[in-house]
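A short write-up of the structure that comes next.
No hydrogens, no waters, no symmetry mates; every other heavy atom, side chains included, goes into these values.
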Amino acid sequence: MAVPPLNLSGLLGYSGDGNDAAASGSAPSLAYTYQDAEPIDVEVSEFFSYAENQELDQGRVLFERDVNGSAWKVKSPTQQRSYIHCCLDSLEDRKPETRQTAAQRLLYIALGAYGECASFHEQIVLLHHNNVLLYQCGAFPILVQAIIHAATELEDPAHRTELGLRSNFLLRVLCDLVYLMLESFRKVMVDSHARTRRATSSPLPGSTTGSGLRYQPSLDVGHDDDHEALLSEFRETLGQPLADGRLLAAVFLDMLTSFKEGAGAVFPVKKLILLTWKTVLLSLGGSKQLDEIKAASRKEAGLPGAALSSAALLESQATLTPKASQADIDAFKESVSMRFYSFSHLEEPERRASDQGADDGVSSNTTTLPVPAAVREAVAILEKHLYVPLGEHQINEFEAVQTDLATRAPVALPLPREQTPTEVLYAALFEKLPKHTISLLRVLLAAAPAPANKKNMASRASLQLTNELNAPAADAPLVSVARDDVDEQRHKEIIIKGSSALLLLLLRHFKQNHVLQFECFSQLMVDSRCLMLILKLLNQNVETYVGLKNSIPSCELFNFLAQWRAESRTFRSEETVPGGQDGSVCARNMHAIIDLVRILQKLTKGKEGRILNLVVEKSATILKKCLRVAHPVMNLYVLKVLKSQSRFLGRAWRKSNMQVLSRIDKNVRHRLRDTWFYENVDHGGIDYQEEEDDLRRRILDFHSVYYQPPTSIAQPRSLVEEQQDLYLSQGELEALYRDYLEDEKRGMPVDIDACLREASAAS
């Protein structure tokens with residue numbers, strides 16, 4: 001039975017305070033479509049920084065010198081393959097210069113041989129065709145091994161001959177080639193429904209996309225059956241171990257870990273984040289594949305079909321159907337048994353069946369109970385809306401395995417598990433999962449906007465993120481300085497988007513594969529202070545953040561390459577249009593904020609201790625400000641988090657925020673025995689540590705059965721300790737203090753040791 005939403009603020013006569021006007025949901029929705037990733041042109045453009053633009057055309061010059069004016073498009077397939085094989089052979093040369101020029105030639109081809117294209121649409125089509133051809137020529141494994149070799153060289157200080165943008169040139173070009181191949185196959189993976197929806201809801205020709213590129217009516221690149229077969233083969237390749245036994249995603253994460261430990265200080269962090277995200281997205285699948293996996297898993301477990309996802313409900317505008325769990329039904333029966341002596345589901349079914357007739361009671365499985373008609377109807381409604389989560393079924397199965405292991409002869413551990421793509425990835429990552437978690441969160445922290453009073457420390461912390469940007473120069477023109485400033489802010493925004501998307505994707509896939517894998521990863525994130533980090537990222541003017549225009553349309557990749565197209569060797573300004581999706585939304589920032597709120601909701605769902613932590617940190621105030629951004633997906637997940645906190649916030653907060661509660665009642669699915677609107681929970685009754693310790697023991701039991709002994713899962717250092725490493729080393733403190741004193745004393749030299757001796761003598 002569907003329960004219609006109530007207008008709680010009107011029903012109870014509360015209007016709330018003036019701040020609720022922003023949270024009333026009356027503003028028109030922003031024109032932004034939330035999906036797994038943006039279109040190929042946007043994602044490829046964001047992979048390149050503005051500082052890299054000047055390097056890109058070197059490949060065109062080298063290619064044209066090789067072919068003496070002969071166009072790539074007019075070459076026969078045999079000639080194209082021959083040229084690619086020649087370049088791939090040069091990638092394995094011992095001379096770094098030879099490897100570098102070969103990679104630049106291949107990058108020109110992978111970018112669609114833009115010097116021969118008459119339009120942006122033609123370049124996208126040729127880009128896709130050339131990258132599929134590169135894969136068919138066997139380029140992918142060669143490029144991956146070249147990346148590993150280049151990264152190994154960069155980890156050795158003896159090979160770091162340059163600093164700044166040139167320090168990792170070869171590694172960046174190789175990463176570019178792999179990423180273009182990943183994006184080309186992701187284009188094939190987009191299902192027909194998404195393509196049709198994008199065509200019907202697309203802007204008119206001449207309007208703009210999120211990257212500031214002129215929109216083309218059609219970007220169809222001919223996804224035929226051969227490409228579909230290649231996609232399946234490519235996805236299988238991504239899930240297979242390399243020569244050293246690691247998965248490709250693990251290779252990129254290990255490079256990020258070495259960056260955290262200081263060994264890989266010259267690695268292109270943004271590129272590694274985006275490569276890891278797209279590798280996981282392609283190998284495991286996106287939202288469509290997750291829905292298919294969930295439906296198949298529930299069917300295999302003998303459970304009813306999955307309820308519609310939040311995104312599907314938003315699309316269909318259905319009336320929300322409430323849920324009930326078995327715990328809800330048991331709690332209701334227990335409460336009724338306190339009022340009706342004859343009602344007790346703990347009695348023996350046989351005695352109850354013999355004492356009472358079937359017409360006098362309510363049937364609950366095999367029991368018959370003499371209760372009033374209203375109670376019988378209530379139990380029937382609860383059972384009708386019973387929904388068993390897949391995670392609950394998985395935990396019950398694991399408990400049955402534990403019981404079986406305890407009652408039979410000893411068996412060899414670990415026990416095997418079905419080798420799904422997610423299972424293969426988790427088994428490859430779980431030993432280093434604490435380090436990988438800290439690495440991703442530390443990168444996210446370094447890219448986060450810093451308060452004004454900590455700008456100096458933040459700039460020092462983020463220096464390692466800018467190895468894909470121009471180094472600041474004292475004599476640079478003002479135009480270059482302004483461009484570089486925009487490039488750095490854009491760079492950090494893309495890092496936040498990629499990191500949050502990767503974390504959310506891993507959480508979603510681990511949860512579908514086995515809920516205890518999800519709990520392991522989520523607990524590592526919580527132990528690393530991820531909740532506080534997300535609140536830090538949300539604690540800003542979100543309305544302004546999602547509308548920032550940290551982009552220069554003429555410097556975006558495809559606009560910049562337009563100057564070398566076949567029709568003209570001069571820049572064609574008519575192809576440059578203002579950035580921003582529909583002029584009001586920064587797509588990458590909106591995507592990042594939605595992902596961060598979704599991560600927050602997943603980490604705290606059903607965990608009262610974690611929810612209480614959010615309450616203590618005053619997160620309700622931060623989240624309420626997020627409701628000012630009028631976007632249905634973002635608002636839905638913000639409301640979900642606020643609903644989980646409502647019982648802890650007290651009656652006074654609820655009374656002054658009735659419009660927020662009304663929106664929760666209208667938009668968020670409820671359980672039939674929900675008490676979020678009126679219940680006041682005593683904070684002192686929650687043992688946060690006991691809850692987390694119990695979960696940790698269950699996680700360790702799971703890994704001891706299916707993977708390795710529990711000693712292999714070490715609790716990570718908290719992000720607080722990581723921040724101390726990041727900001728508060730003794731040398732950095734002395735340098736900062738010296739800079740401060742020099743500023744105060746107008747450049748007078750300061751003897752730190754003398755100051756310390758004087759302070760010691762005075763004390």
By side chain to side chain contact (heavy atoms under 4.5 Å, CB included), Glu617 pairs with (sequence neighbours left out) Met532, Leu535
Are the side chain of Ser499 and the backbone of Leu444 linked by a donor-acceptor contact shorter than 3.5 Å? no
| So, are Asp693 and Arg696 salt-bridged, with charged N and O less than 4.0 Å apart? | yes
Contacts satisfying salt bridge (charged side-chain N to carboxylate O under 4.0 Å, His left out) that involve residues 631-649 (not counting sequence neighbours) are Glu608-Arg647, Lys643-Asp674, Arg647-Glu679
With sequence neighbours left out, the residues meeting side chain to side chain contact (heavy atoms under 4.5 Å, CB included) with Asp36 are Leu281, Ser287, Arg508
One should read off an interatomic distance between Leu533 CG and Met525 CE, to the nearest 0.5 angstrom, of 9.0 Å
The reported gap from CG in Leu524 to CG in Leu440 (rounded to nearest 0.5 angstrom) is 11.5 Å
Item checked: Pairing of Arg698 and Glu519 as salt bridge, 4.0 angstrom limit -> no
Here the gap from Ile496 atom CD1 to Ser500 atom OG, rounded to the nearest 0.5 Å, amounts to 8.0 Å
Rounded to the nearest 0.5 angstrom, the CH2-CG distance for Trp676 and Leu642 is 10.0 Å
One should read off an interatomic distance between Cys175 SG and Glu468 CD, to the nearest 0.5 angstrom, of 8.5 Å
**Message:** Strictly distance-based, threshold 3.5 Å: is any side-chain N or O of Asn635 a donor or acceptor partner for the main-chain N or O of Val629?
**Reply:** yes
Residues at least two apart in sequence or cross-chain that pass side chain to side chain contact (heavy atoms under 4.5 Å, CB included) with Thr420, listed by chain then number, are Glu418, Thr422, Glu423, Asn513
Q) Does the Arg298 side chain pair with the main chain of Pro304, one donor and one acceptor, at a distance under 3.5 Å? A) yes
Between the CG atom in Leu282 and the CG atom in Leu238, the distance rounded to the nearest 0.5 Å is 6.0 Å
- Task: Verify, without hydrogens or angle tests, whether Asn541 (side chain) and Thr544 (backbone) share a donor-acceptor contact under 3.5 angstrom.
- Result: yes
Closest non-hydrogen atoms of Pro389 and Leu303, given as atom of the first, atom of the second and distance, are O-CD1, 4.4 Å
Residues passing the side-chain hydrogen bond (donor to acceptor under 3.5 Å, both in side chains) test with Ser619, sequence neighbours excluded, are Gln645
Heavy-atom nearest pair, Arg235 first then Gly285, reads NH2-N, 3.7 Å
Scanning both residues in full, the closest heavy-atom pair of His703 with Ile699 reads ND1-O, 2.9 Å
Taking every heavy atom of Cys530 against every heavy atom of Leu603, the minimum-distance pair comes out as SG-CD1, 4.0 Å
Distance-only polar pair, side chains of Ser45 and Glu556, donor-acceptor under 3.5 Å | yes
Contacts of Phe185 meeting ring-ring contact (aromatic ring centres under 6.0 Å, His included) (sequence neighbours excluded), chain-then-number -> Tyr135, Phe234
Any donor and acceptor pair, going by atom type alone, linking the side chain of Gln517 with main-chain N or O of Lys511 inside 3.5 Å? no
inquiry  = Does any part of the side chain of Pro421, heavy atoms only, come nearer than 4.5 Å to the side chain of Ser283, both counted from C-beta?
reply    = no
For His491, the ring-ring contact (aromatic ring centres under 6.0 Å, His included) test, sequence neighbours excluded, returns none
Worksheet item: Are the charged groups of Glu691 and Lys607 less than 4.0 angstrom apart, N to O?
Response: no
Item to complete: Report yes or no: do Asn589 and Lys497 form a side-chain donor-acceptor pair below 3.5 Å?
Response: no
Note to self: Keeping Gln394 on the side-chain end and Val515 on the backbone end, is there a donor-acceptor pair under 3.5 Å?
What the structure shows: yes
Under the 6.0 Å and 45° cation-pi test, does Lys271 pair with Phe47?
yes
Taken in chain and number order and not counting sequence neighbours, the residues that satisfy side-chain hydrogen bond (donor to acceptor under 3.5 Å, both in side chains) with Lys270 are none
All heavy atoms of Leu639 vs all of Val660, minimum pair found to be CD2-O, 4.1 Å
**Item:** Student check: side-chain heavy atoms of Ser522 and Arg610 closer than 4.5 Å
**Value:** yes
Quick note, ring-ring contact (aromatic ring centres under 6.0 Å, His included) partners involving residues 521-542, not counting sequence neighbours, are Phe510-Phe521
Lys/Arg-Asp/Glu bridge criterion (N-O < 4.0 Å) met for Glu43, Lys278: yes
Whether Phe430 and Tyr426 hold their rings parallel, tilted or perpendicular, with breakpoints at 30° and 60°: parallel
Residue pairs meeting ring-ring contact (aromatic ring centres under 6.0 Å, His included), one or both in residues 590-619, sequence neighbours left out, come to Tyr34-His591
Subject >> Ion pair check, Lys492 and Glu488, cut-off under 4.0 Å >> reply: yes
Heavy-atom nearest pair, Leu507 first then Ile599, reads CD1-CG2, 4.1 Å
Hits for side chain to side chain contact (heavy atoms under 4.5 Å, CB included) against Lys432, two or more places apart or cross-chain, chain-then-number order -> Asp254, His436
### Task
Indicate yes or no for a side-chain donor-acceptor contact from Asn539 to the backbone of Lys536 under 3.5 Å, with no hydrogens or angles considered.
no
Checklist line | Presence of salt bridge, Arg490 and Glu493, under 4.0 angstrom | finding: no
So do Arg654 and Leu661 actually touch side chain to side chain, heavy atoms under 4.5 Å? yes
Backbone N or O of Tyr637 within a donor-acceptor pair of the Arg598 side chain at under 3.5 Å?
no
How are the rings of Phe398 and Phe702 set to each other: parallel, tilted or perpendicular (split at 30° and 60°)? perpendicular
Subject >> Residues Lys187, Glu183; criterion salt bridge (charged side-chain N to carboxylate O under 4.0 Å, His left out); working and verdict >> reply: CA-CA 6 Å; Lys187 180 67 177 175; Glu183 277 297 310; over 6 Å; no
Is the backbone N or O of Ala249 less than 3.5 Å from a side-chain atom of Thr276, with the two atoms forming a donor-acceptor pair by type?
-> no
Salt bridge check, Glu46 against Arg588: does any charged N sit closer than 4.0 Å to a carboxylate O? yes
The ring-ring contact (aromatic ring centres under 6.0 Å, His included) partners of Tyr387 (sequence neighbours excluded) come to none
Open item on the list: Donor-acceptor pair, distance only, cut-off 3.5 Å: does the side chain of Lys549 make one with the backbone of Gly547?
Closed with: yes
Q) Are side-chain heavy atoms of Gln512 and Leu390 found at a separation under 4.5 Å? A) yes
